[in-house]
Amino acid sequence: MSGFRPARLCAAIALGAAALVSFSSAHAAEGDTPRVALVMKSLANEFFRTMEDGAKAYQKENPGQFELIANGIKDETDTSAQIRIVEQMIVAKVDALVIAPADSKALVPVIKKASDAGIKVVNIDNRLDPEVVKSKGLDVPFVGPDNRKGARLVGEYLAQNKLKAGDEVGIIEGVSTTTNAQQRTAGFKDAMEAAGMKIVGVQSGNWEIDRGNAVASAMLNEYPDLKALLAGNDSMALGAVSAVRAAGKKDQVQVVGYDNINAIKPMLKDGRVLATADQFAARQAVFGIEAALKLVKGEPTGAKDGVIETPVELVTKP
C-alpha cells in the first residue's frame with residue numbers, strides 16, 4: 001500500500017462492502033517498526049468497539065513499539081468478509097495478525113496462509129478449533145478468558161438469587177459455530193443443571209440484538225412458565241429485555257448476559273438485567289498484541305498448553 005504520509009494517523013479505508021478498516025499509524029518501511037493487524041468481528045457490537053479503542057490507546061501510549069491496523073466486519077456472521085480482510089493483510093505484509101475469528105473452523109485455512117507467509121498469528125476472544133489448527137500444522141496461541149467459567153458464574157448467581165429447582169429457563173446462544181458461544185452455553189448449562197433447573201431450549205441469536213429479541217420472544221410465547229433467559233452476550237440480552245417488556249413479564253422473567261458493555265450497565269442498575277460477565281475487552285486486545293510482539297521478536301509468549309488465560313469476572317447490580 002502506498003500514498004500514506006509519514007506522520008502517524010488514523011485513516012479509514014474500505015476492504016470490501018462488509019469490512020471496516022482503520023490505520024492508527026503510517027505504513028512503515030521494510031525493517032522498521034512492526035505492523036500489527038487487529039482483526040475483529042462486528043464493530044456494530046460495542047464489545048469490539050471497546051476492544052479497538054483499547055488497542056488504539058495502547059498503540060498511542062507505545063508509538064515506537066508497533067504500528068496498528070484495526071479491522072472489523074459489519075456482520076458477526078460474515079465469515080467471508082473476515083477472510084478477505086486477512087487476505088488483504090497478507091498482501092500488505094504485516095508482521096503480526098491478532099484475530100478474533102467469526103468462525104472457529106472456517107478461518108483456519110487463511111490463517112495457515114498468513115502463517116506460511118511469515119506472519120505471526122495470535123488468536124483472541126473466540127478460540128480457533130484446536131483440532132483443525134493442529135491438522136494444519138499450526139501453532140497459534142489463544143489469548144482470552146475461560147468462557148465456560150464466566151458463564152457458569154453468571155448462571156450460578158441467577159440460580160442462587162432468583163430461581164428454584166424445577167424452574168424453566170432458556171439459553172440464547174451466540175453464533176453456534178464459534179467456540180466461545182459453545183463454551184458459554186456449556187457454562188450456563190453447568191450452572192442450571194447443578195441447580196436442578198429445566199432447560200427448555202437453546203437457540204442461536206447470532207450475537208445480535210434483533211435476533212436475540214426474536215429468539216426471546218419465541219421462547220416466551222412457547223413457554224409461558226419461563227423464569228429466565230440466559231444470553232451468551234449483552235447484545236442478545238438487550239434484545240431479550242425488550243422481549244420481556246413486550247410480553248408484559250417484567251420482574252417475572254430474569255435476564256442475564258455476558259460482556260458488561262456500557263449499554264447493559266443501566267439495566268443492571270435498575271434490575272432489567274440481573275448479571276453479566278466482564279472479560280475486559282480493551283485489555284484482551286492489548287494482551288493479544290503483547291503476545292504478537294513477543295512472537296515477532298522471537299520471545300516466548302508464556303502460553304500454557306497453547307493458552308494465555310485472561311480475566312473474567314461476575315458483574316451484578318452496582
Side-chain angles (χ1 to χ4, degrees), residues 47 144-174 176 178-205 207 209 212-213 215-261 263-280 309-318:
F47 177 81
D146 184 332
N147 283 278
R148 187 168 187 161
K149 172 186 173 183
R152 186 173 65 247
L153 290 172
V154 173
E156 287 172 347
Y157 184 83
L158 168 67
Q160 292 165 7
N161 289 275
K162 293 292 182 179
L163 302 178
K164 63 181 186 300
D167 280 348
E168 295 183 355
V169 302
I171 297 174
I172 307 175
E173 188 172 60
S176 299
T178 58
T179 301
N180 57 346
Q182 295 163 3
Q183 289 298 302
R184 291 176 196 178
T185 295
F188 286 149
K189 285 183 174 180
D190 289 343
M192 293 299 98
E193 290 168 358
M197 307 306 162
K198 182 180 180 183
I199 301 171
V200 296
V202 178
Q203 295 183 42
S204 174
W207 302 125
I209 295 174
N213 177 267
V215 169
S217 297
M219 284 189 179
L220 290 165
N221 184 60
E222 185 173 357
Y223 304 103
D225 294 327
L226 197 71
K227 299 300 182 186
L229 289 161
L230 296 86
N233 78 346
D234 285 342
S235 292
M236 297 186 298
L238 293 173
V241 167
S242 296
V244 169
R245 184 184 66 243
K249 293 192 173 183
K250 184 177 180 292
D251 299 325
Q252 299 174 44
V253 178
Q254 302 297 319
V255 176
V256 297
Y258 196 110
D259 279 343
N260 196 33
I261 63 175
I264 215 74
K265 293 176 182 179
M267 298 185 180
L268 287 166
K269 190 172 182 179
D270 66 21
R272 284 175 289 170
V273 172
L274 182 69
T276 187
D278 195 339
Q279 58 171 329
F280 307 100
E309 187 172 331
T310 60
V312 60
E313 295 178 2
L314 174 70
V315 179
T316 59
K317 183 176 181 177

Checklist entry - Looking at side-chain heavy atoms only, is the closest gap between Leu158 and Leu163 below 4.5 Å? => result yes
Checklist outcome for this item: Rounded to the nearest 0.5 Å, the CZ atom of Phe188 sits from the CE atom of Met197 at a distance of 14.0 Å
Item to check | Glu313 CD to Lys149 NZ distance, which is reported to the nearest 0.5 Å | outcome: 9.0 Å
Item to check | Donor-acceptor contact below 3.5 Å, side chain Gln182 vs main chain Ser176 | outcome: yes
Next on the checklist: Using every non-hydrogen atom in the two residues, find where Gly150 and Ala277 come nearest and quote the distance to one decimal.
Outcome noted: O-CB, 4.2 Å
Checklist entry - Once you round to the nearest 0.5 Å, how far does CD of Gln203 lie from CE of Met236? => result 11.5 Å
Item to check | Atom of Leu229, atom of Ala216 and distance for their closest heavy-atom approach | outcome: CD1-CB, 3.8 Å
Checklist outcome for this item: Separation between CZ (Arg272) and OG (Ser242), nearest 0.5 Å, reads 8.5 Å
Next on the checklist: Contact between Lys189 and Val202 at the side-chain level, heavy atoms closer than 4.5 Å - yes or no?
Outcome noted: yes
Next on the checklist: Does any part of the side chain of Ile261, heavy atoms only, come nearer than 4.5 Å to the side chain of Leu238, both counted from C-beta?
Outcome noted: yes
Item to check | Worked verdict on Glu173 versus Val215 for side chain to side chain contact (heavy atoms under 4.5 Å, CB included) | outcome: CA-CA 10 Å; Glu173 188 172 60; Val215 169; over 6 Å; no
Checklist entry - Given side chains that start at C-beta, do those of Gln279 and Phe47 come closer than 4.5 Å, heavy atoms only? => result yes
Next on the checklist: For a side chain to side chain contact (heavy atoms under 4.5 Å, CB included) check, start with the C-alpha distance between Ile199 and Ile171, then their side-chain angles and the critical distance, and finish with the verdict.
Outcome noted: CA-CA 8 Å; Ile199 301 171; Ile171 297 174; 4.2 Å; yes
Checklist entry - To the nearest 0.5 Å, what is the distance between CG (Asp190) and CZ (Arg148)? => result 4.0 Å
Checklist entry - In a check of side-chain contact (heavy atoms from CB on, under 4.5 Å) between Gln183 and each of Thr179, Thr185, Asn180, which one passes? => result Thr179
Item to check | Heavy-atom side-chain proximity of Val312 to Tyr258 below 4.5 angstrom | outcome: yes
Next on the checklist: Quick one: does any side-chain atom of Lys249 pair with a main-chain N or O of Pro224 as donor and acceptor, under 3.5 Å?
Outcome noted: yes
Checklist outcome for this item: On a heavy-atom basis, the closest approach of Leu153 and Leu314 is O-CD1, 3.9 Å
Checklist entry - Do you know which two heavy atoms are closest between Ala240 and Ile172, and how far apart they sit? => result CB-CD1, 4.1 Å
Next on the checklist: Let's go through Thr276 and Asp234 carefully: what are the C-alpha distance in whole Å and the side-chain angles of both, what is the deciding distance for side chain to side chain donor-acceptor pair (under 3.5 Å) to 0.1 Å, and is it a yes or a no?
Outcome noted: CA-CA 7 Å; Thr276 187; Asp234 285 342; 2.8 Å; yes
Next on the checklist: Using only atom types and a distance under 3.5 Å, with no angle test, would you say the side chain of Asp167 pairs donor to acceptor with the backbone of Lys164?
Outcome noted: yes
Item to check | Where Met219 and Gly170 come nearest, the two heavy atoms and their spacing | outcome: SD-CA, 3.8 Å
Next on the checklist: Rounded at 0.5 Å granularity, tell me how far CZ in Arg152 sits from CG in Asn147.
Outcome noted: 11.5 Å
Checklist entry - Mind checking whether Thr178 and Trp207 have side chains closer than 4.5 Å, heavy atoms only? => result yes
Checklist entry - With a 4.5 Å heavy-atom cut-off, do Asp225 and Val200 have their side chains touching? => result no
Next on the checklist: By the salt bridge (Lys or Arg N to Asp or Glu O under 4.0 Å) test, which pairs, at least two apart or in different chains, include something from residues 193-203?
Outcome noted: none
Next on the checklist: With a 6.0 Å cut-off (strictly less than), is the heavy-atom count around NZ of Lys265, excluding the residue itself, greater than 12?
Outcome noted: yes
Item to check | Intermediate values then yes/no, side chain to side chain contact (heavy atoms under 4.5 Å, CB included), Leu268 and Thr316 | outcome: CA-CA 6 Å; Leu268 287 166; Thr316 59; 5.8 Å; no
Checklist entry - Does Met267 reach the side chain of Val255, with side-chain heavy atoms less than 4.5 Å apart? => result no
Item to check | Where Gly174 and Ser204 come nearest, the two heavy atoms and their spacing | outcome: O-OG, 3.0 Å
